[in-house]
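Not measured: the values here are computed from a predicted model. Numbered from 1 within each chain, the chains take letters A, B, ... in sequence-line order.
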Amino acid sequence: MGSLRWAKQRFLFYGLVAGILTADAWVLQYLLHHYDLPASFQTEPPPEEEHVHLNYGELFPPLSDISVTGKTIDAEFLHGKWGVIFYFKDRPMVDFLSYCDTLNRKYHSLGLQPLGITRRETKELKQFLNRRAISYPILLDPGDRLRDLPHLEHHRYGFFFINPDGMIEFSLHRLMTSNDLRQLVEKYLVGQINYDIEKEWRLGIQPGDTLPPYKIIDVKTGAALTIHDLDVTNSVMIFFTASCSTCQMSNYWEELKAIETSSVRPRNRFYYIFSQNFAFSDLIDRMNAHHITANVYIAEEEFDVLESPYVTKAPLSEEALVLTIDIRGRVKTVEPLAQWLARISKESAQ
Amino acid sequence: MKRNRWLWAVIGIAGLSIVLFFLVQEQQRPSPSAVADTIFSTSEETKPSQEKETNVSFYQEVPIFDGFGFDYPLYVRRDNEGNYYVTDQNNHRICVFDPSMRFKFQIGQLGQGPEDLSHPTGYALDSYGRLYIKDVGNLRIQIYDKTGHHVGGFRSPLKSPDIAVNSQGEVFLNHATRGHLISVYSSDGELLRQFGDLMSLSRAYPGHANDERYRVPLSRVVMAIDGQDNLYVAYVFAPIIQKYDPAGKLLWERRLEGPLIDVLTKSFWQALEPSPATEKYEPDTVMNMDGIQMAVMCQSIAVDEKTNRLFILLGAADIIYVTDDAGRKLRLLSPKKLRNSYLWTLTFSDGKLYATDNARCYQLVVSNSHTFH
């Protein structure tokens, strides 16, 4: 009897607690739903006024006597040049870095001089720099001395386009787009902006580049290699860059047949490099079944600098990129597979 | 041991009741399914209980200036001489075409110099053919004559989703942070007058308690001016349109209505108060204009200067809400085929409707009325 009363009391007590908790939850939710949060919880609206501390028409501070991680940037570095100075705090703008490099290779002779500044060398940046020989310096600025010159203290990104007299022609304290950079360079250095979207500008690797040391596996032997382990001189490298989820070599059978029977085939060393999206077993089976004689590899990482317009939103047959390599091991031409096949077919007919 | 069992049982019941409470709440939320599909679907899958719009016409998008290579075109308008103007936003210029749609010249190019543009997002034409361009990247209004020569401008660091100009060359901007809906500036940037009350949450969505956080975001409007200098505004994030006379007096205010607006209203709340428990909501257009993410109700507004009919591009599936000159609903215009990209701007010029998406410009050709049953 006593234990029943005890149970009833406990039941009532804990039921009351549960009821209070539930009611609290209801009230709290109602309040959150219908009333203002306390001021301290509210997010401040972003300021409408922009604060670019160094603006158009101002003199960019001289870079003289600034030594960062062993490299000294002196006043002469940008003297008489069209300077593209960009700052990123920690997250590298890989596409922009790559695009800037492409622009520099094209317009350096007209006086273009990019200069990157970053606070620290992240893994992503290191990986990018290892793969691609950038034609301009990227300075590490752990003490923020370079960052503070143009007053980018509160910004993650900064961009300045400077004329040969050191005056700022364009400044931003956020990410600059590649397309806008191209337009600025063309406007000031070429004198005319090209408004047609050019495929070449979207292409990472360019003639004259060396191939990045992508990690690959030899499909025949299973050996783990990098592209630098291959003898690529005077070769044709076909990168099957497709990003499909279940890619198969047979998707490219017509193209492969055309390559294997082409007139250039006997004269060149051929490498087929398939992206990670292909299955190892499929490649072995098809290679044996169709007597593919070229060297076949499968990538172990993304073909990031081979990013091209041909990879995205293109018919499957175009999701392959042909790089011809010259006798020095440098890229001679870069073409989508269909275009390259058409060209060699035309050349052999002539 | 026995006491612990009771304790856990009660905690369990309490927890369960809380979970049930939230589940009931979620059930009351609108379904995040595509707004227009539900309204316009003619298939048998349409829920029989679903209220449908009954006065709907179709339009077809006929591409114009095709192959020109715009990079985010905005606003197709015509001047008194029949020339076409299009903002080519990511190419930082306004493109001018002759009445035969041949390219004549461009106004502006990327830069921060006195005559340059950076991400122009809108423009207005006055009766003299002068262009008033919202040079957003450079935080200013730029003014060019009809030959493309820069003739002035003024600094305008405050946000305004749209720009309008009356026949006097006065510039109307939606500078809500100044405390009024509309701020009117002279062509050299002097603030002439302000009018219009800011929108509140309880006024925009009756039944909801007011919330000061939303006052400025809810007061974002798109604008159109008719031949008599009356100003029409459509609220970007509320189903409301208004007409002001040239002096800034409110002539009427109308609430957009109908089943589609009801669905859009539910979408608005879904975007404003997303819940991880619900399916991820993906409305057609969500803007983060003032640090708050909200689903767009009215994307763009255009006025037929002859009839004063209004065309309001809604923030869903490219549907256009048409009203008479007093803002009363006439019908809806729906695209013949749903497309992958969405229309961003709508203009009415020379008796024709024009629109743009992120790559192309269109003339909208409306077919005969068709009613769904």
Can you find a pair of side-chain heavy atoms, one from Asn138(B) and one from Tyr56(A), that are under 4.5 Å apart? no
Quick check: are there more than 12 heavy atoms from other residues, nucleotides or ligands sitting under 6.0 Å from NE2 of His79(A)? no
Residues passing the side chain to side chain donor-acceptor pair (under 3.5 Å) test with Lys187(A), sequence neighbours excluded, are Asp116(B)
When you check the side-chain N and O atoms of Gln112(B) and Asn55(A), is any donor under 3.5 Å from an acceptor? no
Show me the pairs that pass salt bridge (charged side-chain N to carboxylate O under 4.0 Å, His left out) and involve residues 147-166 of chain A, at least two apart or across chains. Asp90(A)-Arg156(A), Asp144(A)-Arg147(A)
Minimal non-hydrogen separation, Asn90(B) against Gln183(A), with atom names: O-NE2, 3.3 Å
Should we say atom CZ of Phe105(B) is surrounded by more than 12 heavy atoms from elsewhere, each under 6.0 Å from it? yes
Spacing of OH belonging to Tyr195(A) relative to SG belonging to Cys95(B), to within rounding of 0.5 Å: 8.0 Å
Give, for atom CG of Leu184(A) and atom CD of Gln109(B), the distance between the pair rounded to the nearest 0.5 Å. 9.5 Å
Can you check side chain to side chain contact (heavy atoms under 4.5 Å, CB included) on Asn179(A) and Asn91(B), steps first, answer last? CA-CA 9 Å; Asn179(A) 191 43; Asn91(B) 283 327; 4.1 Å; yes
In terms of heavy-atom proximity below 4.5 Å to chain B, should Ile193(A) be classed as side chain, backbone, both, or neither? side chain
